[in-house]
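Heads up: the structure comes next, in structure tokens.
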Amino acid sequence: MYEANPSSKSKGALSMGIPGELAGLHTAWLRYGRLPWKSLFQPSISLARDGFAVVPCLANAIKKSGDAILADPGLREVLAPNGKLLQTNDVCYNPALAHTLEVIATEGAHAFYNGSIGEKFIKDVRSAGGIATMDDLEKYEVKVTKAMAVEAMGYTILGMPPPSSGIVGMSLVLNILGSYKSLEGVKGLLGLHRFIEALKHMFAARMNLGDPAFVNVNEYVSEMLSPSFAQKLQQKIVDNTTFEPSYYLARWSQLRDHGTSHLCVVDADRNAVSLTSTVNWFFGAKVLSPSTGVVLNNEMDDFCIPTEVTPDHLPPAPTNFIEPGKRPLSSMTPIIVLKDNQLAGVVGASGGLNIIPAVLQVFLNHFILEMDPLKAVQHPRLFHKLIPNEVLYENFTASDGERFELAEDAKLFLEGRGHAMHGFANGAVTQFVVHNIQEPFMSLHRRIKNNIIHGMLIAVSDPRKDGSPAGV
């Protein structure tokens, strides 16, 4: 499908995977929802019909994708009315989406998967060159699985099993760092070097993962969750140097997945949700269905294909090859953190391949290095993708003027160990809710009900993206 035109795997209607978010949310509502289905749509309907002010981060995304937006009739109508790209403080309207949401609010999710909205959507997809059918929508199946629970550094962490590589990769890094004799081993400048080395080992291993409904990944998952395997990798970390990618046993090309959206929720009963969703790139496939107002995702780009030419000159991972009904490997890392079987926090991020390192750093900063929640999120971050063999460090100013930059002594220390250092703009945006269960028993903020501690809640939305939701 992509051999003749490789770019169609990442842009255009052929890059769309069958949308599953609505079906997933509907399934979650059927199991746990308390409010009427219809009422859940009203805020989004109002935003789409009445409009919302474009914030700087959205304006920047529109500018970066300007040519693609102007080239697509649907995107142009919403994001460039009158032929001019929306800018900060302009108002964005999507009346077609408002109508779509009204119908789904009244008729239910089947309006999309087996009804009038789906028919309009598929017609637009096929007009844009896609091959999806109503049969594809009707056959979409939500798979409900138990959260994967891992024990690391004194905490229980709940997350997504494969085809997400997030919690498995996070577990491996934390177990490597936890293999040092004390937590002092992960602190300071040497701790940064060890963290980077652990990331490199993790990224070498994660490309063995894929959709467990199609490939047997049990051996690789067990290995990546194994403390003894982590200890063997920790023994390969040398404190005064780094190595070329082959040292970490890189076998497959890295998946170059892209952005997402994330939210964390904790309610009055201390029920928690960590939710990551995505259309993959900014504005997905760069196509918007005019009749429904829905942006097409480009999730097919998260699969590997045998003929793919990769910049790292490694072969694509067979476990992630395209098959009908298969879900692609992802970096999503929505997690819920427990301490002594009580909620301790909720973390997640957007940012494609940088999600796992970002969530790891927020977790380590707060729960291990004891930074307060805001500082844990604000602290400048490091990233590594194994190939290219370089450390990316934050070096940019956010739209509100806040500066993010790795300290000079840290850069010099890492350079002294052979790391190639490159500054770049924000690589991931995190959301973080901390449940303080350490308050004294008589505190007004801490009480126990049905054996559940109700402590103080502290929420932090990453200042790298205005410190607030992007659509309100």
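Under a 3.5 Å cut-off, the side chain of Asn60 and the backbone N or O of Pro56 do not form any donor-acceptor pair. The closest donor-acceptor contact from the side chain of Gln361 to the backbone of Leu382 lies under 3.5 Å. Judged purely by atom type and a 3.5 angstrom limit, Ser226 has no side-chain atom pairing as donor or acceptor with the backbone of Ser222. Side-chain atoms of Asp372 come within 3.5 Å of backbone N or O of Lys375 as a donor-acceptor pair. Side chain of Lys286 to main chain of Asp72: no donor-acceptor pair is present (N/O by atom type, distance under 3.5 Å, no hydrogens or angles). Put simply, the side chain of Ser8 gets close to the backbone of Asn5: a donor and an acceptor are under 3.5 Å apart. At least one donor-acceptor pair under 3.5 Å links the side chain of Asn354 to the backbone N or O of Gly427. Side chain of Gln431 to backbone of Ser274: no donor-acceptor contact under 3.5 angstrom is found. With Asp462 contributing its side chain and Val429 its backbone, the two residues share no donor-acceptor pair below 3.5 Å. A distance-only check finds no donor-acceptor pair linking the side chain of Gln231 to the backbone of Pro227 [under 3.5 Å].
Side-chain contact check for His435 versus Arg270: some heavy-atom pair is nearer than 4.5 Å. Put simply, the side chain of Tyr248 does not reach to within 4.5 Å of the side chain of Met202, judged on heavy atoms. Here the side chains of Leu209 and Thr319 are not in contact, with every heavy-atom distance at 4.5 Å or above. Ile157 has its side chain out of reach of Ile336: every pair of non-hydrogen atoms, C-beta onward, lies at least 4.5 Å apart. The shortest side-chain heavy-atom distance between Thr333 and Ile167 does not fall under the 4.5 Å cut-off. With contacts defined as side-chain heavy-atom distances shorter than 4.5 Å, the pair Thr278/Asn297 does not qualify. Contact of the Val273 side chain with the Val346 side chain is not registered, since no non-hydrogen atoms from C-beta on lie closer than 4.5 Å. Taking the side chain as every heavy atom from C-beta outward, Met153 and Val186 approach each other to under 4.5 Å.
Between the CD1 atom of Ile237 and the CG atom of Asn240 there is a distance of 12.5 Å, given to the nearest 0.5 Å. Atom-to-atom distance recorded for Leu225:CG and Asn175:CG is 8.0 Å, nearest 0.5 angstrom. Interatomic distance, Phe203 CZ to Ile387 CD1, rounded to the nearest 0.5 Å: 12.0 Å. Residue Thr156 holds its OG1 atom at 11.5 Å from CD of Gln342, rounded to the nearest 0.5 Å. Atom CD of residue Glu21 and atom OG of residue Ser277 lie 4.0 Å apart, to the nearest 0.5 angstrom. Here the CG-OG distance, from Leu329 to Ser165, works out to 5.0 Å after rounding to the nearest 0.5 Å.
Here the options are Arg464, His379, Arg381, the test is side-chain hydrogen bond (donor to acceptor under 3.5 Å, both in side chains), and the partner is Glu394; only Arg464 passes.
Scanning for side-chain hydrogen bond (donor to acceptor under 3.5 Å, both in side chains) contacts around Tyr155 gives an empty result, with sequence neighbours left out. Here His419 pairs with His193, Ile196, Glu197, Thr242, Val391, Leu414, Arg417, Met421 under the side-chain contact (heavy atoms from CB on, under 4.5 Å) rule; sequence neighbours left out.
Between Phe367 and Phe363, the ring planes are tilted. Angles from 30° to 60° get that label.
A cation-pi contact, defined as under 6.0 Å to the ring centre and within 45° of the axis, links Arg194 to Tyr180.
More than 12 heavy atoms of other residues, nucleotides or ligands lie within 6.0 Å of CG in Leu30, so this atom counts as buried by the packing criterion. For Arg31, the CZ atom counts as loosely surrounded, since its 6.0 Å shell holds 12 or fewer non-hydrogen atoms of other residues, nucleotides or ligands. At most 12 heavy atoms of other shown residues, nucleotides or ligands fall within 6.0 angstrom of atom CG in Asn451. Around atom CD of Glu370, no more than 12 heavy atoms belonging to other residues, nucleotides or ligands sit under 6.0 Å away. When the shell of 6.0 Å around NZ of Lys143 is examined, it contains more than 12 heavy atoms from other residues, nucleotides or ligands. Heavy-atom neighbours of Asp239 CG from other residues, nucleotides or ligands within 6.0 Å: above the threshold of 12. By the 6.0 Å contact criterion, NZ on Lys139 is open, its count of non-hydrogen atoms from other residues, nucleotides or ligands being 12 or less.
Residues Cys304 and Met207 approach most closely at SG-CE, 4.3 Å, considering heavy atoms. Shown here for Pro463 and Gln378, the closest heavy-atom pair between the two residues is CG-CG, 4.0 Å. When all heavy atoms of Pro19 and Tyr113 are compared, the pair lying nearest together is O-OH, 2.8 Å. In terms of heavy atoms, Ala132 sits closest to Ile18 at CB-CD1, 4.0 Å. Pairing each heavy atom of Val295 with each of Gly284, the nearest pair is CG1-N, 4.2 Å. When every heavy atom of Val434 is checked against every heavy atom of Pro373, the shortest pair comes out as CG2-CG, 3.6 Å.
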key: Steps toward side-chain contact (heavy atoms from CB on, under 4.5 Å) verdict (Leu25, Leu275)   = CA-CA 10 Å; Leu25 292 173; Leu275 174 65; 4.3 Å; yes
Trace of the side-chain contact (heavy atoms from CB on, under 4.5 Å) decision for Glu390 with Leu392 = CA-CA 6 Å; Glu390 61 186 16; Leu392 299 177; 3.6 Å; yes
query = Does the side-chain contact (heavy atoms from CB on, under 4.5 Å) test come out yes or no for Leu343 and Val266, once each step is laid out?
reply = CA-CA 9 Å; Leu343 177 67; Val266 180; 3.7 Å; yes
query = Under the side-chain contact (heavy atoms from CB on, under 4.5 Å) criterion, do Lys200 and Asn389 qualify, and how do the steps go?
reply = CA-CA 9 Å; Lys200 294 173 77 172; Asn389 192 16; 2.8 Å; yes
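For Phe424 and Phe383, the gap between ring centers is short of 6.0 Å. Between Phe303 and Phe321, the distance from one ring center to the other does not fall under 6.0 angstrom.
Counted by atom type alone, Arg327 and Asn320 present zero donor-acceptor pairs between their side chains at under 3.5 Å. Judged by distance alone, the side chains of Asn298 and Ser10 never bring a donor and an acceptor atom under 3.5 Å apart. Between the side chains of Thr276 and His262, at least one donor N or O sits under 3.5 Å from an acceptor N or O. Using modelled atom types, one finds no donor on one side chain facing an acceptor on the other under 3.5 Å when comparing Asp135 with Thr133.
Between Lys411 and Glu405 there is a salt bridge, since a side-chain N of the basic residue sits under 4.0 Å from a carboxylate O of the acidic one. Of the charged side-chain nitrogens involved, none lies within less than 4.0 Å of a carboxylate oxygen, so that Lys326 and Asp211 do not count as a salt-bridged pair. Note on Arg34 versus Asp269: salt bridge recorded, some NZ/NE/NH1/NH2 to OD/OE distance being below 4.0 Å.
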